[in-house]
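Each remark here refers to the structure printed beneath this line.
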Amino acid sequence: MITKFLSNVVASFNPFSKHSKSTRIFLSMLPPDARTTMKIQTKLLPRTSEDLPKIAVTFKDGKVMELEASKLSIKDLVEELDRHSRILRKKEELGGN
Amino acid sequence: MPPSIFLKAAARTKLPTRTSISFRDACYFIEAFVNGGQRCYASHSVTHSKTCVPPGSNQPASHRPYNSRQTLLHRTYISLLRATPLMVVFQHNNLRGSELVAIRRDLRVAMQNVDAQVAASQPAPIPDEDGDIPPEPRPVGEQVKMVVVNTELFSAALRVAEYLPKDAKVGSSSGPEAYDMTLQYRGSHPMEALLVGPVGVIQFPTVSPPHILAVLNLLFPEKATFKKGTDPLFISGVSKLLLLGAKVDKVGGQTIDTAALKHITNLGDLPTLRGQLLGLMQSAGAGLVATLQSPSKALWVTMEGRRKMLDPDSQKSAEEESSDPPAA
């Protein structure tokens, strides 16, 4: 997963729900020094909550992506985020030269 | 074993072109050569042998090979599940080794501080008849441990610990029979939802609210405020920890969420709670006796009143002693 272009990550999930699997794995995929390069907020929902997990990611160019993590597997989730990250990477490579 | 035999074995079993070969692989090739078998490499992947016992030993049978890490962990987790009255489950997101070391060290120091506080608040031990001071129990904080668990193996061990009938005749809890008998319960325990991704547990030897409170404040603070001079590795490590829930009461206990866990920290310690329960039970007993007594008492009072009304002598005496209440 390309995490270089993420600036803000907000995730909320209920740990007792089976739908929160991909959200939790996504959080564990952020690199060890992620907290120095981006803002990460995690909200734990109470056990009785029926709310579905949510992930909101802000990219360095200001684009906000809100993902319904309960419907996506971790592979799909990474694919969605990387699609925009690759565009940014390409722009950076072209602008740098 | 002379090298010529190994070379012959390798030639006969069509060894793939490799620059180096491990000792373990070599042993497999030689075994295949001696047995005259054609199947050799990759045969040591994972065997679900029903008779996995070490040769010449009375070790109980295991589902996985007896000398594998999986068997060792399965046995460790089962004993942990059976013996731990409270375990706190947390997620660790990409912790570095040095951060984990810093967290473990600070946890140990904090537990020692709590132990000292608890010991100071308790009365001094009373010497027995011989004048000996009874030995102190091992402090709780010493036994609080933080363990990173393998989620798949932990849920397999959880299944066996929770759902294996007590009278089931299985050789061992890690054995193939125990595995087969509990396989149908896959995914049914509420704790299994927590066992996803990188997960660890903090195990407590007893439910001791001051220790739980100290752990929650240290590792999962609601507002991250650290003392001056705190290790930066510890700070960065703690920001990556996520409290998920907890499991209480050993086998057959409940899985609770963070709100319930915080409620536990507000309770008093066990002797205080026992005292409260005893007071409650005593007052309830006294109330019950009073309730049972009241109809017969009322009946007696009515009858006695009627008797005094009808009896002229007592009426007279009652008039004389009108100021004195009748003796019960």
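Every chain is numbered from 1, with letters handed out A, B, ... down the list of sequences. On a predicted model such as this, the values are computed, not experimentally measured, just so you know.
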Is the closest side-chain donor-acceptor distance between [X] and [Y] under 3.5 Å?
X        : Y        : answer
B/His63  : B/Asp180 : no
B/Gln91  : B/Asn93  : yes
B/Ser173 : B/Arg82  : yes
A/Thr23  : A/Ser20  : no

How many angstroms lie between atom CZ of B/Phe154 and atom CD of B/Glu192, to the nearest 0.5 angstrom?
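CD of B/Glu192 is found 10.5 Å from CZ of B/Phe154.
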Which value, rounded to the nearest 0.5 Å, describes the distance between B/Lys145 atom NZ and B/Met111 atom CE?
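It comes to 14.5 Å.
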Less than 4.5 Å to any heavy atom of chain B: does that hold for the side chain of [X], its backbone, both, or neither?
X       : answer
A/Leu44 : side chain
A/Phe13 : side chain
A/Arg35 : side chain

Contact part of B/Leu95 toward chain A, heavy-atom cut-off under 4.5 Å: side chain, backbone, both or neither?
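When you check distances to chain A, no heavy atom of B/Leu95 falls under 4.5 Å.
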Based on non-hydrogen pairs under 4.5 Å, which of B/Val89, B/Leu242, B/Leu194 is most in contact with chain A?
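Highest number of heavy-atom pairs under 4.5 Å: B/Leu194.
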Quick one: sort the B/Phe220 and B/Phe90 rings into parallel, tilted or perpendicular, breaks at 30° and 60°.
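Rings of B/Phe220 and B/Phe90: tilted, as their planes differ by 30° to 60°.
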Taking every heavy-atom pair that is under 4.5 Å apart, which of A/Arg24, A/Arg47, A/Lys21 has the most such pairs with chain B?
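Among A/Arg24, A/Arg47, A/Lys21, the one with the most close pairs to chain B is A/Arg24.
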Looking at A/Ala11, is its backbone amide N or carbonyl O close enough to the side chain of A/Thr42 to form a donor-acceptor pair, meaning the two atoms are under 3.5 Å apart?
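Answer holds: no.
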Tell me whether A/Glu80 is salt-bridged to A/Arg83, with the criterion being a basic N under 4.0 Å from an acidic carboxylate O.
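Salt bridge flag = yes for A/Arg83 with A/Glu80.
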Would you please go through residues 48-62 of chain A and name the residues with a non-hydrogen atom below 4.5 Å from one of chain B, in numerical order?
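Those residues of residues 48-62 of chain A which would need a heavy atom under 4.5 Å from chain B do not exist here.
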